[in-house]
Participant: 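Let me begin by handing over the structure; questions about it come next.
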Amino acid sequence: VPRGAVEPGSEAQIDYGKLGMWLDPASGLRVAVWVFAMILSYSRALFVQPVLQMDQRSWNASHVAAFEFFGGVPARLVCDNLKTGVTRPDLYDPLINRAYGELAGFFGTLVDPARARKPKEKPRVERPMPYIRDSFFAGREFSSLAQMQAEATRWSTEVYGVHKHRGLDGQTPASVFAAIERGALMPLPPRPFESVVYTVGTLAPDCHVKSGKAFYSAPWRLMGQKMLVRTAGDIVQIFHHDTVVATHVWHLAGRSTNVEHYPPHKIAHTLRSVSWCRTQAEQIGPGAVAIVAELSEVNAIHRLRAIQGIVRLREKYGDTRLDAACARALAVGDPNYRTVKGILAAGTEHGDDPPTPAATPPAILRGPAAFD
């Protein structure tokens, strides 16, 4: 059934197509080149942008570049059911990708995906794909991706835009766009759109969730739970049940950790610093001060756990015994956590002889005859 007339500024059709293989001079590798194409259904004005990746960032960025190229926004976007656009295809109630939905809401346009495996529902963008590949890409060499994209923009304006289109009764897309459709597009927002990316991950036992190549921490009570990670510009927000539970600065790779997200018994190593241990040793006595200074002399960070362990022994043995044990460990030339702990366990902090144990009543031994 032939489609009816399309009002100016009411619709744009969008598609991805493969251009071919390209030898990237920067890396020396042959890579696949894809093209993002958006065509205005009324004037047939076309925007094309070659890309090397078809991820969420590239999809949204190409939309923004197309709107800027046209100088306005169409009221309706007809796209395929690719994951960067549609999370769940449905004829009546499709589930739009979160990041794509934010872009549509920012520009005030409607995402209306075509049905799956129904290319005739967006024929205006399907038909030019072979022409784009043969006229723009085939047989040409490009020095970089940026130069290729700049040439694609020039080709859209100076080649495709000025050819006589059969669907326009011999008029050119550029003339119809300038005369009628440009003024019918919605204006661009006053501020630029920030690229948004959503990922879903599980909070691991180390209290981190992965997004891209980086790991971000979240509260330990949510370990094993599904997290929604939203990246917008330099800010990363982690959601659990639509509630923000953590915020980080974006990293390309590596780990971003907030120590408060760890369980209490796991943050002692971070919070009880060398300075804190020195303060505790001063409260215990000169022996403890001397052994902490001895352990801190070489590499305080690498020996932090040993220092923390010695200070923690005051909870079990008290300051007086611990101070004496530290002094004795220094005297025997073996100042480390195991030595101090062994001295306290043996009770030899004041000498080699252990303290006399309290008197206990003798055991009552009975032979087998006692049970006859």
Side-chain angles (χ1 to χ4, degrees), residues 14-16 32 34 36 38 49 51-67 77-117 192-263 266-267:
I14 306 160
D15 198 14
Y16 266 138
W34 303 82
F36 170 92
M38 178 184 291
Q49 184 176 66
V51 295
L52 302 183
Q53 295 181 336
M54 296 187 292
D55 56 8
Q56 191 67 61
R57 287 183 182 274
S58 177
W59 174 255
N60 284 6
S62 294
H63 276 73
V64 174
F67 297 153
L77 304 177
V78 181
C79 63
D80 278 328
N81 288 276
L82 68 172
K83 289 297 183 182
T84 52
V86 183
T87 302
R88 187 191 65 232
D90 189 272
L91 176 60
Y92 303 103
D93 188 20
L95 181 61
I96 306 302
N97 179 288
R98 283 180 177 266
Y100 194 34
E102 282 200 26
L103 178 140
F106 180 84
F107 286 99
T109 185
L110 170 68
V111 177
D112 187 15
R115 289 180 294 173
R117 296 179 294 276
F193 175 74
E194 282 192 347
S195 177
V196 179
V197 176
Y198 282 92
T199 57
V200 178
T202 302
L203 191 63
D206 65 352
C207 300
H208 286 75
V209 62
K210 185 178 181 181
S211 177
K213 296 182 179 180
F215 296 84
Y216 302 94
S217 66
W220 64 275
R221 293 182 179 86
L222 301 176
M223 283 190 295
Q225 301 290 319
K226 289 291 184 181
M227 300 285 126
L228 178 67
V229 184
R230 179 183 185 271
T231 303
D234 293 335
I235 302 299
V236 177
Q237 294 176 304
I238 302 177
F239 292 81
H240 181 252
H241 293 167
D242 297 327
T243 301
V244 179
V245 296
T247 303
H248 296 268
V249 176
W250 178 79
H251 292 272
L252 178 61
R255 299 168 75 87
S256 177
T257 304
N258 183 345
V259 295
E260 295 180 357
H261 293 156
Y262 285 131
K266 294 292 186 180
I267 63 177

Participant: Roughly how far apart are H208 NE2 and Y216 OH, rounded to 0.5 Å?
Facilitator: 10.5 Å
Participant: Where do A99 and Y198 come nearest, in terms of heavy atoms and distance?
Facilitator: N-CD1, 3.5 Å
Participant: Decide yes or no for Q56 and L103: does some side-chain heavy atom of the first lie under 4.5 Å from some side-chain heavy atom of the second?
Facilitator: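 Q56 vs L103: side chains apart.
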Participant: I'd like to know if the side chain of D80 and the backbone of A114 have a donor-acceptor N/O pair within less than 3.5 Å.
Facilitator: no
Participant: Rounded at 0.5 Å granularity, tell me how far CD1 in I96 sits from OG1 in T87.
Facilitator: 7.5 Å
Participant: Under 3.5 Å, side chain of N258 to main-chain N/O of S217, donor-acceptor pair present?
Facilitator: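 No; judged by distance alone, with no hydrogens or angles, the pair does not exist.
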Participant: Do H251 and V236 come within less than 4.5 Å of each other through their side chains, counting heavy atoms only?
Facilitator: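 When only atoms from C-beta onward are counted, V236 and H251 do not touch, as no gap falls below 4.5 Å.
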Participant: Give the minimum heavy-atom separation between A218 and L203, together with the two atoms involved.
Facilitator: CB-CD1, 3.7 Å
Participant: Just how far is it from atom CZ of R230 to atom CD1 of I235, taken to the nearest 0.5 Å?
Facilitator: 10.0 Å
Participant: With the side chain counted from C-beta on, respond yes when C207 and M223 share a heavy-atom pair under 4.5 Å apart, and no when they do not.
Facilitator: yes
Participant: Can you check whether L77 reaches F107 side chain to side chain, under 4.5 Å on heavy atoms?
Facilitator: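 Sidechains of F107 and L77: no contact.
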Participant: Check K210 against K213 and note the closest heavy-atom contact, atom names and distance.
Facilitator: CE-CA, 4.4 Å
Participant: Any non-hydrogen side-chain atom of H261 less than 4.5 Å from a side-chain atom of V245?
Facilitator: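 The answer is no; the side chains never approach within 4.5 Å.
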Participant: Please work out whether the ring planes of Y16 and F36 are parallel, tilted or perpendicular, with thresholds of 30° and 60°.
Facilitator: perpendicular
Participant: Roughly how far, to the nearest 0.5 Å, is the CG atom of N81 from the CG atom of L95?
Facilitator: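 Separation between the atoms: 11.0 Å.
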Participant: Once rounded to the nearest 0.5 Å, what's the spacing between atom OG1 of T243 and atom CG of L228?
Facilitator: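 Separation between the atoms: 11.5 Å.
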Participant: Does any non-hydrogen side-chain atom of F106 lie less than 4.5 Å from one of V64?
Facilitator: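 No. Closest side-chain heavy atoms not under 4.5 Å.
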Participant: Rounded to the nearest 0.5 Å, how far does CG of N60 lie from CD of E194?
Facilitator: 12.5 Å
Participant: Within a radius of less than 6.0 Å around CZ of R98, do more than 12 heavy atoms belonging to other residues, nucleotides or ligands occur?
Facilitator: no
Participant: Are the side chains of S256 and V249 in contact, using a 4.5 Å heavy-atom criterion?
Facilitator: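 Result no, sub-4.5 Å side-chain heavy-atom pair not found.
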Participant: Mind checking whether T84 and Y100 have side chains closer than 4.5 Å, heavy atoms only?
Facilitator: no
Participant: For a side-chain contact (heavy atoms from CB on, under 4.5 Å) with P113, tell me which candidate from L82, D90, V86 qualifies.
Facilitator: V86
Participant: Looking at every non-hydrogen atom in both residues, tell me the closest pair between M227 and L222 and how far apart they are.
Facilitator: CE-CB, 3.7 Å
Participant: Checking the side chain of S58 only, and the main-chain atoms of M54 only, is there a donor and an acceptor separated by less than 3.5 Å?
Facilitator: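 The answer is no, because no donor-acceptor pair under 3.5 Å joins these two groups.
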